[in-house]
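What follows is one structure encoded as structure tokens, with my remarks underneath.
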Amino acid sequence: MTLLITALALTLGYLVVLFGMLAGCSLSGARRREAAAGANVVLVLGAPVWYGQVMPLLARRLDAALQLYSEAKRNPIIIVSGGRPTSSYGTEAKAMARYLVERGVPEDRVLLEDQSTTTRENIRFSKELVFSHAKAGTVTGGGSGGKPVIVTSDFHVLRTANICRRNRLHATVVGAASSARGIRRSILREYALLLGDLWRLHIVVAVLITAIVFAVAS
């Protein structure tokens with residue numbers, strides 16, 4: 001019984017470390033913009049809007065994309081991704097595109113991905129959109145090493161990067177700074193979703209920890 005308690009304690013310690021990694025990404029993600037300044041493709045992940053109006057959380061993502069756009073050495077394409085309808089006002093992507101155009105981005109530099117309803121679909125459908133336009137010669141590559149840049153919220157960076165890896169999309173994920181209230185409200189949800197995304201890994205780690213504890217004790 002003592003060995004099982006020890007293994008359980010170590011497993012809980014591993015989960016605490018994972019939470020610390022998520023919190024660290026939330027606090028440092030916004031500082032990664034500088035590395036992405038030369039992007040050719042900037043993808044902004046959607047978030048709920050209110051009757052066609054961009055809400056503060058999404059506005060922070062779009063403002064981060066605008067900063068990348070203004071600092072880029074090239075004229076990047078901005079993909080706005082979000083297919084959830086907002087009453088009769090259209091999709092998240094439509095509201096996002098309008099926000100960018102009203103702030104000076106030419107309409108021909110904004111592409112809409114308006115079919116996705118989850119982060120996984122954001123990544124998958126936008127990847128397909130990038131590749132289709134790359135074949136047509138509309139876009140060429142991304143930032144350093146040909147990586148596109150994905151803009152989301154700081155608390156969302158780690159899970160977005162994991163979804164990119166699963167979809168074999170080599171991208172730089174940039175976190176737009178959230179309010180302290182926004183981080184507190186969202187980080188536990190992101191942690192739970194991250195646990196679910198990586199549940200096989202967590203089971204393997206727990207089994208390994210238990211096996212090591214029993215092997216050392218024997």
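With side-chain heavy atoms closer than 4.5 Å counting as contact, directly or through intermediates, the hydrophobic cluster containing I212 also holds V216.
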Worked verdict on S116 versus E121 for side chain to side chain donor-acceptor pair (under 3.5 Å): CA-CA 5 Å; S116 59; E121 290 181 350; 5.4 Å; no

Side chain to side chain contact (heavy atoms under 4.5 Å, CB included) between L45 and L43: does it pass, once the steps are laid out? CA-CA 6 Å; L45 302 188; L43 164 61; 4.1 Å; yes

What do the steps show when you test Y69 against N75 for side chain to side chain contact (heavy atoms under 4.5 Å, CB included), and what is the final call? CA-CA 7 Å; Y69 181 84; N75 224 11; 3.2 Å; yes

Given I123 and T160, is the side chain to side chain contact (heavy atoms under 4.5 Å, CB included) satisfied, shown in steps? CA-CA 8 Å; I123 300 300; T160 300; 4.2 Å; yes

Starting from the C-alpha separation in whole Å, work towards a yes-or-no answer on side chain to side chain donor-acceptor pair (under 3.5 Å) for S178 and H156. CA-CA 10 Å; S178 299; H156 197 222; over 6 Å; no

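At a threshold of 4.5 Å between side-chain heavy atoms, the hydrophobic network of Ile, Leu, Val, Met, Phe, Trp and Tyr places F125 and L169 in two separate groups. Transitive grouping of hydrophobic side chains (ILVMFWY, heavy atoms separated by less than 4.5 Å) brings M55 and Y51 into a common cluster.
No side-chain heavy atom of V130 sits less than 4.5 Å from a side-chain heavy atom of P148. Between Y99 and D63, some side-chain heavy-atom pair lies under the 4.5 Å cut-off. Considering only heavy atoms from C-beta on, R168 comes within 4.5 Å of K127 through its side chain. Using a 4.5 Å heavy-atom cutoff, the side chains of L57 and F155 are in contact.
Among all heavy-atom pairs drawn from G83 and E92, the shortest one is N-OE1, 4.4 Å.
None of N162, T152, V151, I163 except one satisfies the side-chain contact (heavy atoms from CB on, under 4.5 Å) rule with V173; the exception is T152. Each of L112, L129, N122 was scored for a side-chain contact (heavy atoms from CB on, under 4.5 Å) with I79, with one residue passing: L129.
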